[in-house]
Amino acid sequence: MKLVQTLIVVLISVMMKLDSRMFGRLNFERPLLTCTICGLLLGNLQVGLQVGATMELATLGMMSIGASGIDMNMGALVGCAICIMTGADIETAITIAVPMTLLCTLIETVASVVRINFTHMCDDAVEKGDFRKAKRIDIVYGPVLYVLCTIIPVFLSVYFGAGVVEAIASSVPTWVTAGVSLGANIIAYFGFAMLLSTMVNKNTVVYFFAGFLLAAYSGLGLTAIALIGIVIAMILYTVKYTGTGVQAASAASAVDDLEDLDN
């Protein structure tokens, strides 16, 4: 029975991992949905919903803008499965998710290096005209690597217990974890810079700094700042497209037309 439950969790993890990579975007990567599915298939929907809601809040708290190497989803799924299979309390899920997240981060960092080599292999195949090989690398090699990097840690942690995950995570040298954390932060900062390069220009940079200063020194939460931003956007829209904004634009257009007639 335990093996069957473990295999069910492994299949859910694979579905979650391949969601945005092969299935489109069905939100299977969200802890609330995956833990709910896990609870439904393992026969304890209530615990699945409770763990999913708790881990969803934890995931939102760790979410960053741009690319990021931190992924709490796998840890949430494993924690939910162990809670259901062992009858542990919900707090245990968070305790399990932390070392599981560290382990998944280490594995994903190594897998990212391998995937970069896949990209170069695909480019070389295209240059040589071997499109069948390029297609095979893209469709087969990539998903297989994702699946392997998912099923191995999930199967070990669910079948043998959280102690295996903690033992593996604790055996990793400090310099490795520090390097992975640094690399994940650099990736997140780079993703944020790429996002800003498409959003910020000379006309909008003042709003960016205004929002940054408001968030840094006002002491308000993200919800309050978002509501303030919505109000400011509505005011600017009103000024630009209604009232004096439209009248000024019409007057300017009329003057331009008269100047054209004089010429």
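Since this is a predicted model, take the numbers as computed values, not measurements.
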Going by the rule side chain to side chain contact (heavy atoms under 4.5 Å, CB included), which residues pair with T223 if we only count those two or more places apart in sequence or in a different chain? L227
Is there a side-chain contact between V9 and V154 (heavy atoms, below 4.5 Å)? yes
Any chance you could lay out the side chain to side chain contact (heavy atoms under 4.5 Å, CB included) test for K2 and T6, step after step, and finish with the verdict? CA-CA 6 Å; K2 184 177 181 181; T6 303; 4.3 Å; yes
M121 and I116: same hydrophobic cluster, using ILVMFWY side-chain contacts below 4.5 Å? no
L156, L3: one ILVMFWY side-chain cluster at the under-4.5 Å cut-off? yes
Work out which heavy atom in V51 is nearest to a heavy atom in C80; give both atom names and the distance. CG1-CB, 3.6 Å
Give the other cluster members for I225, using side-chain heavy-atom distances under 4.5 Å between Ile, Leu, Val, Met, Phe, Trp and Tyr residues; answer none if it is isolated. V206, Y207, L214, L220, I228, I232, L236
Tell me every residue that passes side chain to side chain contact (heavy atoms under 4.5 Å, CB included) with K135, counting only those two or more places apart in sequence or in another chain. I139
Test of understanding: with side chain to side chain donor-acceptor pair (under 3.5 Å), list the residues that count as partners of T204, not counting sequence neighbours. N201
For V144, what residues pass the side chain to side chain contact (heavy atoms under 4.5 Å, CB included) criterion, not counting sequence neighbours? V140, L148
To the nearest 0.5 Å, atom CE of M74 lies from atom NZ of K17 at 4.5 Å
Pairs involving residues 227-237, ordered by first then second residue, that meet side-chain hydrogen bond (donor to acceptor under 3.5 Å, both in side chains) (sequence neighbours left out): none
According to a 4.5 Å side-chain heavy-atom criterion applied to Ile, Leu, Val, Met, Phe, Trp and Tyr, with indirect links allowed, do L11 and V78 form part of one hydrophobic cluster? no
As an exercise, state the distance from CE of M15 to OG1 of T150, rounded to the nearest 0.5 Å. 12.0 Å
Among pairs that include at least one residue of residues 114-128, which meet salt bridge (Lys or Arg N to Asp or Glu O under 4.0 Å), considering only residues two or more places apart or in two chains? E108-R115
Which residue pairs pass the ring pair (Phe, Tyr, Trp, His ring centres under 6.0 Å) test when at least one of the two sits in residues 77-106, sequence neighbours left out? none
Is there a path of hydrophobic side-chain contacts, each under 4.5 Å between heavy atoms of I/L/V/M/F/W/Y residues, joining M85 to F160? yes
Applying ring-ring contact (aromatic ring centres under 6.0 Å, His included), can you list everything that pairs with F155, at least two apart in sequence or on another chain? Y159
Ring pair (Phe, Tyr, Trp, His ring centres under 6.0 Å): which pairs involve residues 91-126, sequence neighbours left out? F118-Y141
Tracing side-chain contacts under 4.5 Å among Ile, Leu, Val, Met, Phe, Trp and Tyr outward from F131 reaches V126
Scan the side chains in residues 33-49 for donor-acceptor partners under 3.5 Å anywhere in the protein, sequence neighbours excluded, and list what turns up.
from	atom 1	to	atom 2	distance (Å)
T34	OG1	R30	O	3.1
T34	OG1	P31	O	3.4
T36	OG1	L32	O	2.4
N44	OD1	V47	N	3.3

When you group the ILVMFWY residues by side-chain heavy-atom contacts below 4.5 Å and let the links chain together, are V231 and L213 in the same group? no
